[in-house]
Protein chains: 2
Amino acid sequence: MPSRRYHHGDLRRAVLDAAVEVITEAGPAGVSLRELARRAGVSHAGPIHHFGDKAGVLTALAAEGYDLLAGSLTEVRDRTGEFVEVGVAYVRFAIAHRAHFEVMFRPDLYHADDPAVVAASTRASEVLTGGVATVADRTGDADLAVAGVAAWSIVHGFATLCLTGALSPRFADDPETTARAVAGMLFRRR
Amino acid sequence: MPSRRYHHGDLRRAVLDAAVEVITEAGPAGVSLRELARRAGVSHAGPIHHFGDKAGVLTALAAEGYDLLAGSLTEVRDRTGEFVEVGVAYVRFAIAHRAHFEVMFRPDLYHADDPAVVAASTRASEVLTGGVATVADRTGDADLAVAGVAAWSIVHGFATLCLTGALSPRFADDPETTARAVAGMLFRRR
DNA sequence: CCGGCAATCTTGTCAGTGTCAAGTTGACGT
DNA sequence: ACGTCAACTTGACACTGACAAGATTGCCGG
């Protein structure tokens, strides 16, 4: 068994997977290029060829995260047609893909101006802020754009508070249900 | 002028101030103990005596941040009596004390179980979640605790999105006004 | 006044890290 | 067979966090 072939095969993916592992275990601050290389079974400078530098690894992870998020939100919107469920899906994504999420909103860790990242993040935010038009604001006269920001804010804030452990266990233990209740306070379907 | 006395005078404060500077310039990831020591004008191991380790510096910063936040929220609540303004104050704090705020909600960067931190953070969250009782939920029948989480979520989310640069300039340029509108969508005074 | 003493800061050192330059391997087209 | 180029290795350098040991200083009791 060639446990150490010269060419890895898919080092790029292996490094990203290792990054997810490490971040899950120790947070984004615990990531080191050399550790990722070790887990992927290559020499310490192997990953550089694929990502340029450390920030490049996290850039790829952020782009992948925004892509997954946009896809997930779109799917839920098209399947359920209920805007509140899109918000719940946002929270579900943050918890299921915690490592990605924790990197995505730390622009100081990666190259935030990367085209792939901005494209994917724009796509995700548009599903959220745009979908607002499909529900009734409970006052009926609010600015739709402001409502979009409000929707994004409330689900993003809830997700962040969940992940940082700021919420009491009563809410953190069943985040999806809590998220539905919280999001429902802001919007409700017609 | 003794530009380099052996005893600094208030190294602790100088290091914390330097940390705020660095974080403002390069984010929490750009902080290095040695750089802080350099800016404070002491040798590379000077700060360790006061903070134990690098995480200790950020722990002190987080505790200070939660303290400032709790004080600010309490002051606004007592002065204005309007809950929405407490939310606006939360956002104002995040922007005015960006460096503190960016550390506070990254528990992987510091000793999150530090007594001073948990005490101050509890104090701050209680002002927010507790103040909900003073306003009317617009449906009139929601769980107050859930409403507290919603309030915290929406202002925290908005603050975070502002700081990460995720919002369009139209909203990011006057965050306080936008925050008032966003918070007003969730609650309004009786 | 003065002698220790503890807090404060320095110096030296170590393993670990990010990044670059140069070399090595191997696959693939011609 | 041969060149070529991407993928990876090896080696090096400056920087970092952490620790140990030493130097300096303010201070407090006598």
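In what follows, every chain begins at residue 1, and chains take the letters A, B, ... in the order their sequences are listed.
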Under 4.0 Å, heavy atoms only, any strand: does A/L11 hit a base, just the sugar-phosphate, or nothing?
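Sugar-phosphate: the residue A/L11, judged by heavy atoms under 4.0 Å, touches backbone atoms but no base.
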CD-OG distance between B/E126 and B/S121, expressed to the nearest 0.5 angstrom:
9.5 Å
Between A/A45 and B/E35, which is nearer to the 5' end of DNA chain D once each is assigned its nearest nucleotide?
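So the residue in question is A/A45.
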From the set [options], return the single nucleotide nearest to any side-chain atom of [X].
X     : options                : answer
A/L33 : D/dA18, C/dG18, C/dC20 : C/dG18
B/V42 : C/dT10, C/dT19, D/dG17 : C/dT10
A/H50 : C/dT17, D/dA18, D/dA7  : D/dA7

Would you call the rings of A/Y90 and A/F105 parallel, tilted or perpendicular if under 30° counts as parallel and over 60° as perpendicular?
tilted
Picking from B/H100, B/M104, B/E64, B/H97, what satisfies side-chain contact (heavy atoms from CB on, under 4.5 Å) with B/L69?
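Of the listed residues B/H100, B/M104, B/E64, B/H97, the side-chain contact (heavy atoms from CB on, under 4.5 Å) partner of B/L69 is B/M104.
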Would one find a side-chain N or O of [X] under 4.0 angstrom from OP1 or OP2 of [N]?
X     : N      : value
A/H44 : C/dG16 : no
A/S43 : D/dT10 : no
B/H49 : C/dC9  : no
A/R38 : C/dT17 : yes

Could you tell me how far apart [X] ([atom1]) and [N] ([atom2]) are, to the nearest whole angstrom?
X      : N      : atom1 : atom2 : result
B/R12  : C/dA7  : CZ    : C1'   : 15 Å
B/D53  : D/dA20 : CG    : P     : 14 Å
A/I48  : C/dA22 : CD1   : P     : 15 Å
A/Y110 : C/dG18 : OH    : C1'   : 21 Å
A/F51  : C/dG18 : CZ    : P     : 14 Å
A/K54  : C/dG18 : NZ    : C1'   : 8 Å

Donor-acceptor pair, A/K54 side chain versus A/L109 backbone, under 3.5 Å?
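Judged by distance alone, no pair lies under 3.5 Å.
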Do the non-hydrogen side-chain atoms of B/L61 and B/I23 ever get within less than 4.5 Å of each other?
yes
Does A/R34 make a side-chain donor-acceptor contact with the base of C/dG16, cut-off 3.5 Å?
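Flag unset: no donor-acceptor pair detected.
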